[in-house]
Amino acid sequence: MDNVITGLAWYVVFLFSTVLHEAAHAFAAMRGGDLTAYHGGQVSLDPMPHIRREPLGTVLIPVLAFIWGGWMIGWASTPYDPLWAARHPRRSAWMALAGPAANLLLVCVAFALLKIGLHTGFFTRPEDVLIGQLVAGAAGGWSMAAAMMVSIMFSLNLILLTFNLLPLPPLDGSSALILFLPEQLAGRYQELTRHRIFAIMGIVAAWYIFQPVFAPIMRLSVRLIYHGATG
């Protein structure tokens with residue numbers, strides 16, 4: 001039963017975080033002039049349009065990842081008009097970066113809640129600080145549930161933020177370079193990174209370099225969470 005409750009907590013946070021990420025992509029595209037995702041119903045926190053588009057990445061893979069590894073990962077996607085992106089490479093770059101920005105917002109909110117909980121004594125430091133248990137509930141009951149949810153919100157969104165900002169296609173971070181290139185070069189770079197071979201190579205490379213990149217970020221985050229804490 002404890003595993004079921006923990007799995008449900010992970011899935012609720014995963015689904016909300018992923019939907020917010022994709023809704024941010026869709027909203028940025030809409031503001032930039034591409035209504036593709038808007039007409040698909042994805043400028044919304046309603047999870048159903050996102051689940052219908054990617055049922056494998058939003059339902060099956062997260063559940064299997066939790067069963068095998070004790071935490072969740074998955075994916076969703078936002079449709080966009082490639083002709084619009086080719087005409088407006090910088091707008092498409094901002095669209096790509098809007099998703100990680102949504103995860104950064106949730107990281108900041110969770111960090112604030114963790115610090116407040118520790119300073120007020122609502123949270124305390126657990127015997128073992130884990131990715132899904134950064135803090136423990138000091139009074140049991142609701143404080144334990146809150147500690148788990150906020151811990152998962154922080155860790156999962158930090159994972160999504162870090163992974164998506166790796167500067168490798170097809171990840172969102174690969175679009176950041178477009179903002180610093182001349183417009184003609186930006187278009188050529190964008191066209192090059194859309195080729196399937198680069199997407200496959202990028203995912204494989206990201207899989208290998210993510211852990212060495214993320215581990216020190218997570219260690220630093222834990223130090224910042226407990227810096228000056230009384231809990």
Side-chain angles (χ1 to χ4, degrees), residues 14 17-32 34 36-37 42 50 54 57-58 61-62 65 71-108 110-111 131 153-222 224:
F14 165 80
S17 304
T18 304
V19 166
L20 184 64
H21 178 107
E22 299 303 328
H25 282 318
F27 179 77
M30 180 184 71
R31 293 299 301 267
D34 179 12
T36 305
Q42 293 186 296
H50 305 277
E54 293 284 1
T58 57
I61 294 301
W71 62 289
M72 283 190 183
I73 197 66
W75 68 86
S77 64
T78 299
Y80 69 94
D81 181 357
L83 295 178
W84 167 82
R87 288 194 301 269
H88 307 288
R90 286 186 172 80
R91 294 185 195 178
S92 71
W94 286 118
M95 173 194 70
L97 294 176
N103 296 124
L104 177 60
L105 173 63
L106 292 180
V107 166
C108 293
F111 181 82
I131 197 167
M153 182 190 295
F154 181 87
S155 297
L156 181 56
N157 280 281
L158 189 63
I159 290 169
L160 294 172
L161 173 65
T162 305
F163 186 78
N164 279 290
L165 282 182
L166 293 175
L168 298 166
L171 303 177
D172 297 328
S174 67
S175 296
L177 183 60
I178 293 175
L179 299 174
F180 304 98
L181 292 175
E183 189 165 347
Q184 186 174 8
L185 287 178
R188 291 180 179 176
Y189 171 80
Q190 186 182 58
E191 182 178 355
L192 181 67
T193 56
R194 281 204 299 264
H195 287 289
R196 184 176 295 274
I197 185 62
F198 287 100
I200 295 172
M201 292 170 60
I203 289 294
V204 171
W207 181 262
Y208 279 99
I209 70 173
F210 174 73
Q211 180 61 29
V213 170
F214 181 72
I217 293 174
M218 191 67 204
R219 288 195 295 268
L220 175 61
S221 298
V222 172
L224 290 174

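All heavy atoms count here, side chains included; hydrogens, waters and symmetry mates do not.
- Taking both residues in full, the closest heavy atoms of Met153 and Leu106 are given as SD-O, 4.0 Å, listed atom of the first, atom of the second, then distance.
- The two atoms that bring Ser77 and Glu54 nearest to each other are OG-OE2, 2.9 Å, heavy atoms only.
- Closest non-hydrogen pair, Phe14 versus Trp75, comes out as CZ-N, 4.1 Å.
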Output, in order, the C-alpha distance, side-chain angles, deciding distance and verdict of side chain to side chain contact (heavy atoms under 4.5 Å, CB included) for Asn103 and Leu156.
CA-CA 9 Å; Asn103 296 124; Leu156 181 56; over 6 Å; no

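- Under the side chain to side chain contact (heavy atoms under 4.5 Å, CB included) criterion, Val222 pairs with Val129, Leu134, Met218, Tyr226, not counting sequence neighbours.
- In plain terms, the two heavy atoms of Pro79 and Ala37 that are nearest each other are O-CB, 3.5 Å.
- For Thr36, the side chain to side chain donor-acceptor pair (under 3.5 Å) test picks out Asp34, with sequence neighbours left out.
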Exercise answer: donor-acceptor pairs, residues 22-32 side-chain atoms, under 3.5 Å, sequence neighbours excluded:
{"unit_1": "Glu22", "atom_1": "OE1", "unit_2": "Thr78", "atom_2": "N", "d": "3.3"}
{"unit_1": "Glu22", "atom_1": "OE1", "unit_2": "Thr78", "atom_2": "OG1", "d": "2.5"}
{"unit_1": "His25", "atom_1": "ND1", "unit_2": "Met95", "atom_2": "O", "d": "2.6"}
{"unit_1": "His25", "atom_1": "NE2", "unit_2": "His21", "atom_2": "NE2", "d": "3.0"}
{"unit_1": "His25", "atom_1": "NE2", "unit_2": "Asp172", "atom_2": "OD2", "d": "3.4"}

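- With rounding to the nearest 0.5 Å, the separation of CG in Leu158 from OG in Ser17 is 11.5 Å.
- The distance from the OH atom of Tyr80 to the OG atom of Ser92 is 7.5 Å, given to the nearest 0.5 Å.
- Ser174 places no side-chain N or O within donor-acceptor distance of the main-chain N or O of Pro170, the cut-off being under 3.5 Å.
- In this structure, the separation between CE on Met72 and OG1 on Thr18 is 10.5 Å, given to the nearest 0.5 Å.
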Name each donor-acceptor pair under 3.5 Å that joins a side chain in residues 191-213 to protein atoms two or more places apart or in another chain, with its distance.
{"unit_1": "Thr193", "atom_1": "OG1", "unit_2": "Tyr189", "atom_2": "O", "d": "3.1"}
{"unit_1": "Thr193", "atom_1": "OG1", "unit_2": "Gln190", "atom_2": "O", "d": "3.0"}

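- Between Leu161 atom CG and Leu104 atom CG the span is 5.5 Å, to the nearest 0.5 Å.
- Atom CG of residue Leu171 and atom CZ of residue Phe163 lie 5.0 Å apart, to the nearest 0.5 angstrom.
- A side-chain donor-acceptor contact under 3.5 Å links Ser155 to the backbone of Ile131.
- Interatomic distance, CD1 of Ile178 versus CH2 of Trp94, reported as 11.5 Å (0.5 Å rounding).
- Partners of Ile73 under the side chain to side chain contact (heavy atoms under 4.5 Å, CB included) rule, at least two apart in sequence or in another chain, are Ala65, Trp71, Ile159, Leu160.
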